[in-house]
Amino acid sequence: EPAPGLKGRDEIKMMYDLIVAALQTDSTRVMSYRLPGQELLKSLDISLSAHNISHYSPGERMEGSKTRDKIHAELLAGLIDKLKATKEADGSSLFDHVALAFGSNISSIHYLTNCPTVLTGGGANLKLGQHMVLPKDTPLSNVWLTMLKGMGLDAERHGDSTGVVKELQG
């Protein structure tokens, strides 16, 4: 018998609703959420492990990865839509005040290069609506530093950052 509680896609939807509620009520200003990879796969009737499908080899692993990525994109779009639909007292939307980063699986093997990341929301004064490929060996921490500065924080560096990503600055 399965354990009680929401699993997979339903858990993610519920957590996204809680994230919106926490931000809307100003219960928090910062949060991090790691998606339940294995439970999501189980809820999609994919029997492969989350680790194994992250290696993107052709066949069953690749198909499982495509299915998972499609669901991640649909759920993220739902969160963004909910943030846009949540109105603030001044008529703006919650989306206008949020800096949202969605990191994905490492793109292949175990190297920390080419880590696809989605940035959105108006809270970090970023130029949105673009696809960027940063120069080789650019630390992802440069993106985080750019977001921190865009939110008005006077940070000189973040982690192994080497500077801001000027193309992202609004």
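Both backbone and side-chain heavy atoms feed into the values below; hydrogens, waters and symmetry mates do not.
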Check residues 142-153 and write down every donor-acceptor pair under 3.5 Å in which the side-chain atom is one partner and the other belongs to a residue at least two apart or another chain.
residue: Asn142; atom: OD1; partner: Thr162; partner atom: N; Å: 2.7
residue: Asn142; atom: ND2; partner: Thr162; partner atom: OG1; Å: 3.0
residue: Asn142; atom: ND2; partner: Gly163; partner atom: O; Å: 3.4
residue: Thr146; atom: OG1; partner: Asn142; partner atom: O; Å: 2.7
residue: Thr146; atom: OG1; partner: Val165; partner atom: N; Å: 2.7
residue: Lys149; atom: NZ; partner: Ala155; partner atom: O; Å: 2.9

The salt bridge (Lys or Arg N to Asp or Glu O under 4.0 Å) partners of Lys66 (sequence neighbours excluded) come to Glu63

Scan residues 29-48 for pairs that pass side chain to side chain donor-acceptor pair (under 3.5 Å), counting only residues two or more places apart or in two chains.
-> Asp26-Arg29

So side chain to side chain donor-acceptor pair (under 3.5 Å) across residues 70-81, not counting sequence neighbours, yields Lys70-Glu74

Pairs where residues 91-103 contributes a residue and the test side chain to side chain donor-acceptor pair (under 3.5 Å) is met, not counting sequence neighbours | Asp90-Ser92, Ser92-His97, Ser93-Asp96

Rounded distance (nearest 0.5 Å) linking atom CG of Leu140 with atom OG1 of Thr117 = 5.0 Å

Nearest heavy atoms of Gly37 and Ala50, plus distance in Å | C-CB, 4.1 Å

Pro58 and Met62: which non-hydrogen atoms are nearest, and at how many Å?
-> CA-CB, 4.1 Å

Evaluate the side chain to side chain contact (heavy atoms under 4.5 Å, CB included) criterion for residues Leu100 and Phe95: first the C-alpha distance (whole Å), next the side-chain angles of each, then the deciding distance (0.1 Å), finally the verdict.
-> CA-CA 9 Å; Leu100 189 148; Phe95 178 83; over 6 Å; no

Please list every donor-acceptor pair under 3.5 Å in which a side-chain atom of residues 123-130 meets a protein atom from a residue at least two apart or in another chain.
residue: Gln130; atom: NE2; partner: Lys127; partner atom: O; Å: 3.0
residue: Gln130; atom: NE2; partner: Glu167; partner atom: O; Å: 3.2

List the atom pairs, with distances to 0.1 Å, where a side-chain N or O of residues 8-24 and a protein N or O form a donor-acceptor pair under 3.5 Å, not counting sequence neighbours.
residue: Asp17; atom: OD1; partner: Lys82; partner atom: NZ; Å: 2.6

Here the salt bridge (Lys or Arg N to Asp or Glu O under 4.0 Å) pairs for residues 134-143, sequence neighbours left out, are none

What pair of heavy atoms forms the shortest contact from Lys84 to Lys87, and how long is it?
-> O-NZ, 3.3 Å

Distance from Leu41 atom CG to Ile53 atom CD1, nearest 0.5 Å?
-> 4.5 Å

Side-chain contact test, heavy atoms from C-beta onward, threshold under 4.5 Å: evaluate it for Leu40 versus Leu35 and give yes or no.
-> no

Can you name the closest pair of heavy atoms from Gly159 and Arg157 and give their distance?
-> O-NH1, 2.5 Å

